[in-house]
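Below: the structure, in structure tokens.
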Amino acid sequence: MQRILNDPDNIVDEMLVGFTKAHADIVTPTNNSRVLKYVGAPCKGRVGVATGGGSGHKPAFVGYIGKNMCDAVAVGEICTSPTAIAFLDAFRAADSGKGVACLYGNYSGDNMNVKMAIRMATKEGIEVKTVVANDDAASAPKDQCEKRRGVAGEIFMWKVGCAKAATGASLDEVITSAQKAIDNTRSVGIGLTPCTLPAVGHPNFTIEEGTMEVGIGHHGEPGIEVCPLESADQMARRMVDIVVNDYPFVEGNEVAVLVSGLGATPIMELYVLYAEVERLLHKKKIKIYKTYVGNYFTSLDMMGVTLTIMKLDDELKELMDMEAYSVGLKQA
Amino acid sequence: MQRILNDPDNIVDEMLVGFTKAHADIVTPTNNSRVLKYVGAPCKGRVGVATGGGSGHKPAFVGYIGKNMCDAVAVGEICTSPTAIAFLDAFRAADSGKGVACLYGNYSGDNMNVKMAIRMATKEGIEVKTVVANDDAASAPKDQCEKRRGVAGEIFMWKVGCAKAATGASLDEVITSAQKAIDNTRSVGIGLTPCTLPAVGHPNFTIEEGTMEVGIGHHGEPGIEVCPLESADQMARRMVDIVVNDYPFVEGNEVAVLVSGLGATPIMELYVLYAEVERLLHKKKIKIYKTYVGNYFTSLDMMGVTLTIMKLDDELKELMDMEAYSVGLKQA
Amino acid sequence: MFKNAEGKSIVLNMAKAIHDNKAYLGEIDGLIGDGDHGMNMNKGFSCFSERFSDKKITFSEGLEELGMVLLNEIGGSMGPIYGTIFMEMADTANGADEIDLALFSKMLDAGMEGLFRIVDARVGDKTVVDTLSPACDVLHEALAAKKSFLEALENMKAAAIVGMESTKSLVAKFGRSSRLGERSRGVLDAGAVSCCIILCAMADGIKKLSSDQIGTI
Amino acid sequence: MFKNAEGKSIVLNMAKAIHDNKAYLGEIDGLIGDGDHGMNMNKGFSCFSERFSDKKITFSEGLEELGMVLLNEIGGSMGPIYGTIFMEMADTANGADEIDLALFSKMLDAGMEGLFRIVDARVGDKTVVDTLSPACDVLHEALAAKKSFLEALENMKAAAIVGMESTKSLVAKFGRSSRLGERSRGVLDAGAVSCCIILCAMADGIKKLSSDQIGTI
Ligand SMILES: Nc1ncnc2c1ncn2[C@@H]1O[C@H](COP(=O)(O)OP(=O)(O)O)[C@@H](O)[C@H]1O
Ligand SMILES: Nc1ncnc2c1ncn2[C@@H]1O[C@H](COP(=O)(O)OP(=O)(O)O)[C@@H](O)[C@H]1O
Ligand SMILES: [Mg+2]
Ligand SMILES: [Mg+2]
Ligand SMILES: [Mg+2]
Ligand SMILES: [Mg+2]
């Protein structure tokens, strides 16, 4: 394992030290070493937005703390939900008295810890409501949507929810907009190589050279199909088909598109794939209003790519267009 | 090779299609398919800034086109200098009549092609002056500075040069500031795995598991030493020592620091390394004024990291602080 | 029957068993999960061992502290799941000087009831529950049949192993692997395995303690 | 002596040789450079072959077009270096109907002089120059000794090979590998190898053409 590490069991804490020092203009530590918050949080008169999740997905999750982005983030071990206490402390850091929207991904650990944290927060008089991202179309059949994983679509959910909070909207309004964002969003991933948890030291699953895993999860959870490695254009077609047919996105829709690398895939390859995604959507007369290409939600050193598409309406367009300033997402 | 490709010989052109479509708000194509320019270029009344280089270093070079960033970029094949014609067309696209600063890296192909392009530009009445980045302290002894490669320090050279141009400065002033930036800058890289050129299909050099290559170049050029893989803290110490002693940076200096991944190293590991870099500089009483951590200048799918430090004075601080909006570097 | 005050070694024995099986648990979780089960479990249990190796605490206090570490410092699925189980067990034992089969059975029941308040998984869903539930059942049977504590513990180990092995042919209904549907069949559930390791280590720890406190069981 | 008008096959022969050695050149460049030499050379030469395979052009026009492709479409170090060499050779031949040893020698000289205007490398610096320069020299000697064109070409091939092999023991002074200092010793220079391949293919192409045009050489 050719990695930059000291004690692999301590990597999350060490990473947080570096992150906090490098981005002191945006994030600030809290009393809980596993919770970071926006320098401006809690934002007076605004609903707070909190999230959290396991580590190893940089820039997610702490990279989405910022201006008009998340107020506080609970940080877990690699690929492991943060503790209930960490979520609670994130709620505390985010709350200005107007309540907290906890926008997180659908994983059983996160569900349990968030549930416990909310119970404690409620006792303290902090109102918390949740939106649970479940955009990964490959992670369960459509009639079991509630089982689906949250993946890169969480970024759209955060962007929309946080922008809504920035408008001064109420907690219910923020929840409604963030829920609409994720309901309008579908993702799918293709894995080309496995990832290695630093403390394990070797990949815990294999993707044979010359094959690819369609529908892989952000933690290396197996996908729906292992098939021979395809060309970029074929991958794009496969991903567009899964995502477009699942929602479904139809002629005339306006959409936001996010192509994210899983970590170790050279960025230039994401653009090669995006070129074909764009052509395919154009052919289906689906209009791309906004595009993001880059490493937005990764899985340690995994090679591969995810495609995320969100259908926009006037409200979502306005919220997606709002200025934002975080490590992972900056827009004027 | 687990990569996202169609025809590997065509990857640069396909990447440019995707890049141009994804970032139409920032970049725009030109008549030369290997030259992209800023949507606002040439900027009236301003010195133009052009650069160029081989592909495979995303976000470099096209990712540094933007507002208060580069006006035009010539794009080469993977790890290969752009053609003289491409540099010429980049000069044409950047020039508003006030001349063009060509800020590029010290590679023999680029030197030859830029030289030929300048000869042609001069005939057309376009004034071009150059700064040649040579920040890689490991690439030649100090007394042969003129042989040193340009690496991630080019980003500081561009940031400073472009900001200076944005102030309305003259060509000579832009050149002087950009030259000062690179003269004040030193970098070093450590490679942990080799990279694979898509058209070759296998790595063209090896870094044995359990070893690392100190001083590796952005194209996999061999470094100054191959040694057993070290901890993040030891790597940080080694890099800080090389960079700090070469310039040398001394107590009381204020600096900008850039830790860039080489492509496939998980970003969280860069923060682990940065945490130690920060501690070491702090101990040396060198003050970090500004920090950048991320994949700013990469080498395809190579694992590894580069450290870049630039000494600041009041002018450089002001120029580094200026707002910028490009794919690779956005700051408010 | 064993003295609560002397039961710290039982909890340390559980921690050792998890430590010894760290890699194995990671491998199993890697097949249909994300591979971190051994790592996280070990982190929590080791943390407990280090912190309390030279402190005097009872069995029930040990369970309480272990539960707190898991819940408040480890997170993941295991924090809430084992955290709840151990803390409920501790609550039930609290105040007791001695722990006999009846009380031990009640403790495990309380652990499972606590778990059922936070997860919807039941027997057959390919989770920890498939190990824990038959273990509880067999203790009831042993109590009814007036078996010795020692024999009951042997029965519990056997039931836990059978329960754990039953997960192999099941399809996961909860947790990360539940999205795999049919593809989750054919391999063990990581949580069911760790639960089996814990229950066996707990039983062995009690037996060892009892044999040291000759004749107390 | 051969007819310029019939010399397209010589340039195609050069392109084929580069194509056949693409992987080999990449490997050599990988040792102390960045591994792209075979890829880039092949891209340029193939592009020429495809574009002109069914067009009627002369030897000197072929060199001119190949030089233009390298210079304007390939870039890298090879664009300027071989672009300049081939275009200077073409310039020198232009207008000539027939190319004899004297003219051929002049063409190669012009190529090298052109190269010297854009690079500072000279013999001993571990570059293309180490192959090209002795090739030029040996043609002068052959001319002075009034050797046949055929014999001169054989001499040129031999000199190019010796020149290429000399780079093995040299330390690189220019280009990417020059930063390695002593570490660049012990392996061939990629550019010197490709130059040798080109010169040999050029010689063989001329010989083949001459044997087809029986007795013209
Ligand atoms: N909702 C749930 N109900 C019951 N058990 C669960 C649930 N979710 C997860 N588990 C148990 O947790 C185990 C996985 O634990 P672990 O790997 O530590 O967490 P994670 O899946 O978050 O990585 C599974 O094997 C399963 O036994
Ligand atoms: N300044 C120079 N002078 C002479 N020859 C050079 C110079 N720079 C490079 N070369 C030649 O170019 C070869 C490398 O070519 P290539 O790999 O295509 O370019 P690059 O080094 O840009 O990747 C070297 O082996 C050397 O022969
Ligand atoms: Mg996990
Ligand atoms: Mg090159
Ligand atoms: Mg797991
Ligand atoms: Mg090369």
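By convention in this document, chain letters (A, B, ...) are assigned in the order of the sequence lines, proteins followed by strands, and residues within each chain are numbered from 1. Just so we're clear, the structure is a prediction, and the values are computed from it rather than from any experiment.
Top candidate by heavy-atom pairs under 4.5 Å with chain C, chosen from A:Gly76, A:Gly109, A:Ser81, is A:Ser81. Ranked by heavy-atom pairs shorter than 4.5 Å toward chain A, the options C:Gly75, C:Gly30, C:Gly76 are led by C:Gly76. When C:Arg183, C:Glu73, C:Met78 are compared by the number of non-hydrogen pairs under 4.5 Å with chain A, C:Arg183 comes out ahead. The greatest number of non-hydrogen atom pairs below 4.5 Å with chain C, out of A:Thr206, A:Asp110, A:Asp9, is found for A:Asp9.
Residue A:Leu88 does not touch chain C at all, counting heavy-atom pairs closer than 4.5 Å. If you measure heavy-atom distances from A:Arg148 to chain C, the contacts under 4.5 Å come from the backbone alone. In this structure, no portion of C:Ser184 lies under 4.5 Å from any heavy atom of chain A. Heavy atoms closer than 4.5 Å to chain C are found in both the backbone and the side chain of A:Pro222.
Atom NZ of residue C:Lys43 and atom OG1 of residue A:Thr80 lie 8.5 Å apart, to the nearest 0.5 angstrom. Distance check, rounded to the nearest 0.5 Å: NZ of C:Lys173 to NZ of A:Lys147 gives 6.5 Å. Atom CE of C:Met39 is separated from atom SG of A:Cys79 by 7.0 Å, given to the nearest 0.5 angstrom. Here the straight-line distance linking atom CE of A:Met112 with atom CG of C:Leu115 works out to 8.0 Å at 0.5 Å rounding. Atom CG of residue A:Asn111 and atom CG of residue C:Asp120 lie 10.0 Å apart, to the nearest 0.5 angstrom. Taken from CG in C:Asn72 to CD1 in A:Ile85, the straight-line distance is 4.0 Å, to the nearest 0.5 Å.
Enclosure of atom NE2 in C:His140 by more than 12 non-hydrogen atoms of other residues, nucleotides or ligands within 6.0 angstrom is indicated. The 12-atom threshold is not exceeded at CG of A:Asn31, counting heavy atoms of other residues, nucleotides or ligands nearer than 6.0 Å. Within 6.0 Å of the NZ atom in A:Lys142, the count of heavy atoms belonging to other residues, nucleotides or ligands exceeds 12. Under a cut-off of 6.0 angstrom, the local environment of CE in C:Met68 is sparse, with at most 12 non-hydrogen atoms contributed by other residues, nucleotides or ligands.
Between A:Lys115 and C:Ile118, the closest heavy-atom pair is NZ-O, 3.5 Å.
Contact of the A:Glu77 side chain with the C:Ile74 side chain is not registered, since no non-hydrogen atoms from C-beta on lie closer than 4.5 Å. A heavy-atom distance below 4.5 Å is found between the side chains of A:Met116 and C:Pro80. Within the 4.5 Å cutoff, side-chain heavy atoms of A:Leu197 are placed close to those of C:Asp36.
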